[in-house]
Every structure is written in C-alpha cells, then in structure tokens.
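First up is the structure itself, then whatever we jot down about it.
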Amino acid sequence: MSTHTFLKDCSTMPDASNMRFGLVAAEWNSHLTNVLLEQAVSALLATGAKEEHIIIKRVPGSFELIFGCSELAKHSSVDAIIAIGSVIRGDTPHFDYICNGVTNELARQNTMGDIPVIYGLLTTENERQAIERIDGTVGRKGEEFAMTAIKMIDFSWSLKK
Ligand code: RBF
C-alpha cells in the first residue's frame with residue numbers, strides 16, 4: 001500500500017481518538033521491527049489516536065511476544081495489542097518452532113482473552129522479503145497492523161454498545 005492510499009483510507013477509518021493501543025516489539029532484527037513500529041505508531045496518530053493512549057514495550061525476541069502480549073493485556077487497559085516481530089529462516093529448525101509457537105499462542109490469546117491481539121509477525125525466507133513488506137514494494141505492514149487494530153477495536157465496541 002502506498003502512503004497516498006493509506007492517507008486516503010484514514011478518512012474512512014473509525015474514530016480512534018478514544019482507543020488505547022499496546023505495541024509489543026521484538027528486539028531481534030530491530031532494524032526491521034523498529035521500522036514496523038514507527039509505521040504503526042505514525043498510522044495510529046494519523047488516524048486520530050492520541051499519543052498518550054499508545055503504550056510501547058519491547059521484548060528480546062519474537063518468542064517473547066507471547067509473554068509480553070499476555071502480560072500487557074493483564075496489566076494495562078489497552079483495547080488492542082499489536083505484536084511486532086520479524087523471524088527470518090536460518091539453517092536450523094528454529095524458524096518453524098518460533099513461528100508455530102508464536103502463531104498458535106497469539107491465536108489462543110485472541111480467543112481466550114478480552115481484546116484483539118494483532119499478528120504483526122513477518123515470517124520470511126530472507127531479509128529481502130521482509131524489507132519488501134515494509135518499504136512499500138509488497139506492502140507497508142506496520143501501517144496495516146495499525147489499521148487492523150483500529151478496525152478490530154471498532155468491531156469489538158460495536159458488539160458492546
Ligand atoms: N527471534 C526473532 O525475533 N527473529 C528471529 O529470526 C530469531 N531467530 C532465532 C534463531 C535461533 C537459532 C534462536 C536460538 C533464536 C532466534 N530468535 C529469533 C530469538 C527467539 O525469538 C527468542 O528470543 C529466544 O529463543 C529466547 O527465548
């Protein structure tokens with residue numbers, strides 16, 4: 001999605017001014033996760049979210065997103081959490097274990113918890129594929145995660161009103 005398309009989409013987004021967001025980002029591949037984080041925060045602010053309603057936490061690696069998101073949901077009053085990580089396939093089976101573990105557990109938190117947990121995990125064969133999904137070549141995933149969070153909070157609130 002180009003920046004232009006994203007800004008146009010903002011006008012049709014739900015009002016985010018009262019929404020509270022938690023972002024948990026992995027430090028592994030921080031040159032990628034920091035950009036995803038910046039994109040997500042910029043997109044939230046561009047859509048009307050207030051800076052004081054955004055909590056940012058970091059965990060060492062993507063595997064720790066599980067505990068990080070679970071604890072943030074328990075100990076804060078955020079309306080949605082965005083889990084941000086980048087797992088790049090290496091020479092060992094770790095890639096599969098980490099991806100499966102994080103994916104299954106974040107899915108479980110979505111069904112067992114009270115708030116949506118947005119799946120912001122890039123799982124790529126190599127660094128190039130990850131960069132392409134950040135720099136606009138194949139998407140600007142950080143912005144997409146932010147918009148997904150806003151839409152899911154709106155969805156959740158629409159059922160409670
Ligand atoms: N964490 C990531 O966020 N991305 C990775 O690509 C990644 N690769 C890893 C590869 C190996 C061989 C190991 C042992 C860990 C890796 N981690 C990675 C870290 C992992 O998510 C976690 O922080 C550690 O395993 C400690 O629980």
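Counting starts at 1 for both ligands and their atoms, following the listed order.
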Enumerate, atom names and distances included, each donor-acceptor pair closer than 3.5 Å involving a side-chain atom of residues 18-33, sequence neighbours excluded.
unit_1 : atom_1 : unit_2 : atom_2 : d
Asn29  : ND2    : Ser86  : O      : 2.8
His31  : NE2    : Glu127 : OE1    : 3.0
Thr33  : OG1    : Ala26  : O      : 2.7

Could you pull out the closest heavy-atom pair between [X] and [Y], with the gap in Å?
X	Y	value
Ile98	Ser62	CG2-CB, 4.2 Å
Gly101	Ile66	O-CD1, 3.8 Å
Cys69	Ile81	O-CD1, 3.3 Å

Which residues share a side chain to side chain donor-acceptor pair (under 3.5 Å) with Ser17, sequence neighbours left out: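 Residues passing side chain to side chain donor-acceptor pair (under 3.5 Å) with Ser17: Asp15.
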Which is closest to atom 13 (C) of ligand 1 in terms of heavy atoms, Arg89, Glu27, His94?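 Closest candidate by heavy-atom distance is His94.
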From atom 20 (C) of ligand 1, work out which of Ile98, Ile84, Ile88, Asp91 has a heavy atom at the shortest distance.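 Result: the heavy atom closest to atom 20 (C) of ligand 1 is in Ile98.
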Heavy atom of the protein closest to [atom] (residue, atom name, distance):
atom	result
atom 3 (O) of ligand 1	Ser62 OG, 2.7 Å
atom 2 (C) of ligand 1	Trp28 CB, 3.2 Å
atom 21 (O) of ligand 1	Phe63 N, 3.1 Å

Is there a donor-acceptor pair under 3.5 Å between the side chain of Asp154 and the backbone N or O of Ile150?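 Not a single qualifying donor-acceptor pair exists.
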Give the atom numbers and elements of ligand 1 that come within less than 4.0 Å of a heavy atom of [X].
X	value
Ser86	2 (C), 3 (O), 4 (N), 5 (C), 6 (O)
Val87	4 (N), 5 (C), 6 (O)
Asn29	4 (N), 5 (C), 6 (O)

Crowding at CD, Glu51 (>12 non-hydrogen neighbours, <6.0 Å):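 No, CD of Glu51 has 12 or fewer neighbouring heavy atoms, counting only those of other groups under 6.0 Å.
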Can a protein heavy atom be found under 4.0 Å away from atom 8 (N) of ligand 1?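 Neighbour list for atom 8 (N) of ligand 1 includes protein heavy atoms (cut-off 4.0 Å).
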Any N or O of Glu64 that comes nearer than 3.5 Å to an N or O of ligand 1?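 Yes, at least one N or O pair falls under 3.5 Å.
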